[in-house]
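Below: the structure, in structure tokens.
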Amino acid sequence: MSYDDVEIEDMEWNEELQAYTYPCPCGDLFQITKEDLKLGEEIARCPSCSLYITVVYNIEDFLADSDQNRRNKGIQPSKQQTVTVA
């Protein structure tokens with residue numbers, strides 16, 4: 001069972017860890033990356049103990065951010081290509 005449900009807005013972005021963090025009672029930090037969030041992961045784990053929290057967020061906020069970054073960099077979303085095998 002999750003230790004707590006935490007809104008993403010209540011978490012802090014940690015540039016060094018490249019993850020959203022939230023204080024754990026053990027003294028360490030619960031952590032979850034943007035990549036995890038884009039994949040639909042909602043569990044932030046503490047690396048020092050067995051506790052974890054459920055992160056409450058809107059996945060579309062992270063998917064939209066990913067699409068916007070691609071457009072800003074001039075990268076097009078990958079498209080499936082047909083490959084013919086002889």
Side-chain angles (χ1 to χ4, degrees):
M1 187 166 98
S2 177
Y3 170 73
D4 200 1
D5 292 347
V6 178
E7 299 276 342
I8 191 75
E9 293 83 7
D10 294 332
M11 299 181 79
E12 289 187 23
W13 175 251
N14 184 309
E15 195 68 37
E16 183 180 329
L17 296 173
Q18 290 292 298
Y20 286 95
T21 62
Y22 190 79
C24 180
C26 79
D28 205 343
L29 297 169
F30 295 107
Q31 303 173 20
I32 191 166
T33 66
K34 286 183 182 179
E35 289 74 27
D36 289 338
L37 295 166
K38 288 176 191 174
L39 293 172
E41 180 63 59
E42 58 184 26
I43 301 298
R45 301 185 185 283
C46 176
S48 297
C49 71
S50 61
L51 294 178
Y52 61 92
I53 57 173
T54 301
V55 180
V56 180
Y57 73 104
N58 184 349
I59 190 169
E60 282 128 21
D61 293 342
F62 289 89
L63 295 177
D65 181 44
S66 179
D67 290 342
Q68 184 63 39
N69 285 341
R70 277 193 213 110
R71 281 193 285 278
N72 288 345
K73 293 178 183 176
I75 301 170
Q76 298 298 320
S78 61
K79 294 185 171 81
Q80 289 184 339
Q81 296 180 346
T82 304
V83 177
T84 305
V85 179

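It should be emphasised that the depicted structure is a prediction, and the values quoted were computed from it without experimental measurement.
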CD/E35: more than 12 non-hydrogen atoms of other groups inside 6.0 Å: yes
Sequence neighbours excluded and cut-off under 3.5 Å, please list the side-chain donor-acceptor pairs for residues 39-52, or say none.
residue	atom	partner	partner atom	Å
E41	OE2	I43	N	3.0
S48	OG	D28	OD2	2.3
Y52	OH	M1	N	3.2

Least distance between heavy atoms, I32 atom then V55 atom: CG2-CG2, 4.2 Å
Residues which pass ring pair (Phe, Tyr, Trp, His ring centres under 6.0 Å) with Y3, listed by chain and number, not counting sequence neighbours: none
From CG (D4) to CD1 (I53), nearest 0.5 Å: 7.0 Å
Distance in Å, T21 OG1 paired with E16 CD, rounded so as to fall on 0.5 Å steps: 10.5 Å
Which residues share a side-chain hydrogen bond (donor to acceptor under 3.5 Å, both in side chains) with E15, sequence neighbours left out: W13, Q18
Polar side-chain atom of N58 near backbone of E60 as donor-acceptor pair, under 3.5 Å: yes
T33 side chain to A19 backbone, donor-acceptor under 3.5 Å: no
Shared hydrophobic cluster, Y20 / L63 (ILVMFWY, side-chain heavy atoms < 4.5 Å): yes
For the student: nearest non-hydrogen atoms of Y57 and L37, plus distance: OH-O, 2.7 Å
Cluster check M11, I59: I/L/V/M/F/W/Y, side chain < 4.5 angstrom: yes
